[in-house]
Amino acid sequence: MSDLVKFLSKILLACLLVITVGWATYIGVRYYHAEQVAYRWISGLAAKQAEWEKKIKDQGGNTLTGYSTPNQPQAVQGLEGKFAGLTYDPLQKRLWGVVNKPSAIVAISTDGQLLATYPVKGMSDINGIAWMGGNRVALVNGKRNRVVLTEVPPTPQTLDVTRSFALLLRFGQGEDANQGFNGLGYDLKRDRLYIAKEHSPRALYRISGLNYLQSPDSRGLRIENISHWLDDVPFATDLSSVEADPVNGRVFLLSEESQMIIQLDGDSGQGRGMLSLSASRAKPMPRPEGIATDDSGNLYIVSEPNLFYRLKKP
C-alpha cells in the first residue's frame, strides 16, 4: 500500500509541476511578453538595439530621452468598444480616437476624458485615424486596405462614410486584419500621410498630395514605399501605430510587441530616438494601439480596451 501511495504522490507532484509551469508560462506570455524577451535575446535583436542606440547617441543623442512614462494608466470612462487608433487635433486642442465593436470616432480631452462619440456607418473595422486639418480625418480599414477621408460634424451624431472619398491601396499583401494596414499619421505642414503595416512583413508607406487632390493646383498623388527605413530597427518587431510630429516632421513608430517608440527623421528615415514603454513599469502596456503627439511635443497612447497614457515632454 505504501508503494502505491508513493507512486500516486509522484504522479500528483508531476501534475502540480506541469500546472505550475503552464500557469507561469501563461502569465509570462499574457502579461509580460516573455516570448518576445526570449526571442529578442536568442535572435540577437537585443544586441542590434544596443548598436542602434549607440549610433543615435553618437549622432547627436536620443531625442526621446526624459519623457515620463506613467506607471498607472487611466481608464477612459464611458467608452464603448476597444481603442484602435489615435490622433491630435491642434485646432480644438483635443484627441480623436477610433474604437471597434462598435465602430466609432471618439473625442477625448488631453487628460483622458471622453468628450463625444460619433458612431461610424460604412466601416465595420477601423484600424487607425489621422487628423487632416480643419474638421477632416482619415480612417484606415486594414482588412480591406482602404483609406477613407471624411469630415467630423461639430455635434455628436452617426457618421456615414459610405459615400466618402476613399483610396483602395493594393500595395499591401495581407488580407487579415492583423496583417493589413494598422496605423495612420499625417504631417499637415508637409502634406504627408504615413501608413503602417503591422507585420508579416512590417511595412511603411507615404502618400503626398492628398490635401490638395481636388484643388486646381493638384499635381496628383505620390505614393512611396519607405519600408527600407525599417531595416535599421528590426528590434521593433511590429508596427501598431504611426504618427508624424507637426513641428519637425519626424515620424513616431509604436511597437506593441517590443513595447517601444521609435523616432525617425521624416526626410531621410535615419534614427533619432527610442523610448521604452516598459522600462519603469511593473508589466507591459496591454496592447498599445494608437499614438499621437501635440504641438508641444507631449505623447499620448491608447491601449485596449480603454486605457489612456500621457507622456510629458521634458
Side-chain angles (χ1 to χ4, degrees), residues 49 52-53 55-56 59-65 67 85-90 95-96 127-133 137-138 140 142 147 169 171-172 181-199 201-211 221-277 288-302 311 313:
Q49 178 181 330
W52 188 82
E53 290 186 67
K55 180 180 178 181
I56 63 174
Q59 292 177 345
N62 186 346
T63 55
L64 300 184
T65 299
Y67 273 87
L86 192 68
T87 190
Y88 179 71
D89 180 345
L95 297 155
W96 294 106
N127 301 99
I129 183 172
W131 179 76
M132 298 284 292
V137 295
V140 65
V147 174
L169 307 175
F171 42 79
F181 303 121
N182 204 58
L184 288 179
Y186 185 65
D187 181 352
L188 177 63
K189 184 177 179 180
R190 299 161 187 82
D191 192 18
R192 296 170 173 175
L193 179 68
Y194 293 90
I195 307 175
K197 184 174 179 291
E198 189 169 15
H199 59 74
R202 302 173 307 160
L204 187 63
Y205 300 91
R206 183 167 67 190
I207 300 178
S208 304
L210 268 175
N211 218 9
L221 295 179
R222 180 186 180 190
I223 301 177
E224 303 169 85
N225 184 344
I226 53 175
S227 300
H228 59 278
W229 287 8
L230 307 176
D231 293 344
D232 288 339
V233 289
F235 45 86
T237 55
D238 74 328
L239 301 180
S240 58
S241 188
V242 60
E243 174 66 305
D245 191 304
V247 178
N248 54 39
R250 291 173 180 168
V251 180
F252 294 94
L253 302 175
L254 176 64
S255 175
E256 182 266 329
E257 290 180 350
S258 302
Q259 293 283 296
M260 65 176 59
I261 299 170
I262 298 293
Q263 189 186 61
L264 305 177
D265 185 271
D267 294 319
S268 66
Q270 293 183 348
R272 290 291 179 262
M274 193 279 288
L275 178 65
S276 172
L277 298 177
E289 291 291 338
I291 184 173
T293 183
D294 61 24
D295 36 20
S296 297
N298 299 307
L299 295 174
Y300 306 88
I301 295 175
V302 289
L311 289 71
K313 184 177 181 180

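Counting heavy atoms from C-beta outward, Val147 and Leu193 have side chains that approach closer than 4.5 Å. By the 4.5 Å heavy-atom criterion applied to side chains, Trp131 and Pro90 are counted as neighbours. Looking at Tyr67 and Lys313, their side chains come closer than 4.5 Å, going by heavy atoms from C-beta outward. Between Leu221 and Leu210 the shortest side-chain heavy-atom distance falls below 4.5 Å. Here the side chains of Ile56 and Gln270 are not in contact, with every heavy-atom distance at 4.5 Å or above. A heavy-atom distance below 4.5 Å is found between the side chains of Trp229 and Arg206.
Separating the NZ atom in Lys55 from the CD atom in Glu53 is a distance of 13.5 Å, to the nearest 0.5 Å. To the nearest 0.5 Å, atoms CG (Asp245) and CG (Asp294) are separated by 9.0 Å. To the nearest 0.5 angstrom, His199 atom NE2 is 9.5 Å from Thr237 atom OG1. Distance check, rounded to the nearest 0.5 Å: CD of Glu224 to OH of Tyr205 gives 12.5 Å. The distance from the CG atom of Asp238 to the CD atom of Glu256 is 5.5 Å, given to the nearest 0.5 Å. In this structure, Leu264 CG and Met274 CE are separated by 12.5 Å, a value rounded to the nearest 0.5 Å.
Looking only at distances, no side-chain donor or acceptor of Ser276 sits under 3.5 Å from a matching main-chain atom of Met260. Remark: side-chain polar atoms of Ser268 are not paired, donor with acceptor, to backbone N or O of Asp265 under 3.5 angstrom. Judged purely by atom type and a 3.5 angstrom limit, Lys197 uses its side chain to pair as donor or acceptor with the backbone of Pro201. Formation of a donor-acceptor pair under 3.5 Å by the Arg250 side chain with backbone atoms of Gly273 is not found in this model. In terms of modelled atom types and a separation under 3.5 Å, the side chain of Ser240 and the main chain of Leu254 share a donor-acceptor contact.
With respect to Leu239, the side chain to side chain contact (heavy atoms under 4.5 Å, CB included) criterion is satisfied by exactly one of Ile262, Val233, Leu230: Leu230. Among the candidates Ile261, Ile301, Val302, the single residue satisfying the side chain to side chain contact (heavy atoms under 4.5 Å, CB included) test with Pro288 is Ile301.
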Does the pair Trp52 and Asp232 meet the rule for a side-chain contact (heavy atoms from CB on, under 4.5 Å), with working shown?
CA-CA 7 Å; Trp52 188 82; Asp232 288 339; 4.1 Å; yes
Please determine whether salt bridge (Lys or Arg N to Asp or Glu O under 4.0 Å) holds for the pair Asp191 and Arg222, giving the CA-CA distance in whole Å, both sets of side-chain angles, and the decisive distance to 0.1 Å.
CA-CA 11 Å; Asp191 192 18; Arg222 180 186 180 190; over 6 Å; no
Verdict with reasoning, Leu95 to Asp89, per side-chain contact (heavy atoms from CB on, under 4.5 Å)
CA-CA 6 Å; Leu95 297 155; Asp89 180 345; over 6 Å; no
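Using modelled atom types and a 3.5 Å distance limit, the side chains of Asn298 and Ser296 yield no donor-acceptor pair.
The aromatic rings of Tyr88 and Tyr300 sit parallel, their planes meeting at an angle under 30°, below the 60° perpendicular limit.
Taking a 6.0 Å sphere around CZ of Arg190, one finds it holds more than 12 heavy atoms contributed by other residues, nucleotides or ligands.
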